[in-house]
Engineer: 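My questions all concern the structure below.
Naming convention: chains lettered A, B, ... in sequence-line order (proteins, then strands); numbering from 1 in each chain. Remember, predicted model here, so these are calculated numbers, not experimental data.
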Amino acid sequence: EPEVTQTPSHQVTQMGQEVILRCVPISNHLYFYWYRQILGQKVEFLVSFYNNEISEKSEIFDDQFSVERPDGSNFTLKIRSTKLEDSAMYFCASRSPGRAWNQPQHFGDGTRLSIL
Amino acid sequence: AQKVTQAQTEISVVEKEDVTLDCVYETRDTTYYLFWYKQPPSGELVFLIRRNSFDEQNEISGRYSWNFQKSTSSFNFTITASQVVDSAVYFCALSEDNSGGSNYKLTFGKGTLLTVNP
């Protein structure tokens, strides 16, 4: 069964450094999402992306964050200057076109980001 | 604004017991979608079930069953004859069908940590 893949599984970065989290969505999916889960807390929506542009973003997704689909297969999340509070598990998700009823989001296994 | 409340932070049961995980949601939309996800200790999110707002039929899948009641805005999840492998955090999530848009972002509850002891 096709799946969403995320790399790396764990990323350790010094505070203030840039980090890029990578995702390869399922090949025929057109809608892409990033979510964040701080340790022990709930999963929070960051951003959705469709047709090469952001369709919605949350308050968390400030100017330090950006997303890109550089080559038609990868979907990346960049954090420009990381802060300690960016430490979290980041999940990528994708889905096919259609109503959410019959086209649920498929999640990757996540990237654990640790900021030192 | 959409909101999901899972009032049970942690539940601990002994194997073979039945357990119900509660989920209460808030939304202004008349069309919306509800989901349950399982997060085992390994950390990934595993999709379990989805329901749409116009289908209140309850569903059973093996040892899992779901009770959707619009009158109380609840979408509860029951595991029958629980097993140690059921130990995980379970998240309820809501997606609105607003403005005919196709975003369908998920709003998650805080999750319920289920521990099944042998």
Engineer: Tell me, do Lys110(B) and Gln41(A) make a side-chain contact under 4.5 Å, heavy atoms counted?
Structural biologist: no
Engineer: Between OG of Ser58(A) and NZ of Lys105(B), what distance do you get to the nearest 0.5 Å?
Structural biologist: 7.5 Å
Engineer: Does a side-chain heavy-atom distance below 4.5 Å link Phe45(A) with Phe108(B)?
Structural biologist: no
Engineer: Flag yes if more than 12 heavy atoms outside Glu59(A) fall under 6.0 Å of its CD atom; otherwise flag no.
Structural biologist: no
Engineer: Can we call the ring centroids of Tyr104(B) and Tyr33(A) under 6.0 Å apart?
Structural biologist: no
Engineer: Side chains of Gln6(B) and Lys42(A): does their closest heavy-atom pair fall under 4.5 Å?
Structural biologist: no
Engineer: Can you establish whether the number of heavy atoms outside Ile60(B) located under 6.0 Å from its atom CD1 is more than 12?
Structural biologist: no
Engineer: Please determine, among Ser53(B), Gly43(B), Gly111(B), Ala93(B), the option with the most heavy-atom pairs under 4.5 Å with chain A.
Structural biologist: Gly43(B)
Engineer: So which heavy atom on Gln105(A) is nearest to which on Tyr37(B), and how close?
Structural biologist: O-OH, 3.2 Å
Engineer: Given side chains that start at C-beta, do those of Arg50(B) and Pro104(A) come closer than 4.5 Å, heavy atoms only?
Structural biologist: yes
Engineer: Against chain B, label Phe49(A) side chain, backbone, both or neither, depending on which of its atoms sit under 4.5 Å from a heavy atom there.
Structural biologist: neither
Engineer: Heavy-atom cut-off 4.5 Å, strictly under: side chain, backbone, both or neither for Gln6(A) against chain B?
Structural biologist: neither
Engineer: Would a hydrophobic clustering, with Ile, Leu, Val, Met, Phe, Trp and Tyr connected at side-chain separations under 4.5 Å, put Phe77(B) with Phe47(B)?
Structural biologist: no
Engineer: Other residues, nucleotides and ligands only: do more than 12 of their heavy atoms fall within 6.0 Å of CG on Asn28(A)?
Structural biologist: yes
Engineer: Report the residue from Leu45(B), Thr107(B), Val89(B) that forms a side chain to side chain contact (heavy atoms under 4.5 Å, CB included) with Val43(A).
Structural biologist: Leu45(B)
Engineer: Roughly how far, to the nearest 0.5 Å, is CG of Leu106(B) from CZ of Phe107(A)?
Structural biologist: 5.0 Å
Engineer: Contact part of Tyr32(B) toward chain A, heavy-atom cut-off under 4.5 Å: side chain, backbone, both or neither?
Structural biologist: neither
Engineer: May I ask you to check whether over 12 heavy atoms, not counting those of Lys38(B), lie within 6.0 Å of atom NZ?
Structural biologist: yes
Engineer: Check whether Leu46(A) and Tyr50(A) end up in the same hydrophobic cluster, where Ile, Leu, Val, Met, Phe, Trp and Tyr are linked by side-chain heavy atoms less than 4.5 Å apart.
Structural biologist: no
Engineer: Verify the neighbour count for atom CG of Leu116(A): are there more than 12 heavy atoms of other residues, nucleotides or ligands below 6.0 Å?
Structural biologist: yes
Engineer: Would you say Tyr25(B) and Ile49(B) are hydrophobically clustered, going by side-chain heavy atoms of ILVMFWY under 4.5 Å?
Structural biologist: yes
Engineer: Within a 6.0 Å radius of atom NZ on Lys16(B), are there more than 12 heavy atoms belonging to other residues, nucleotides or ligands?
Structural biologist: no
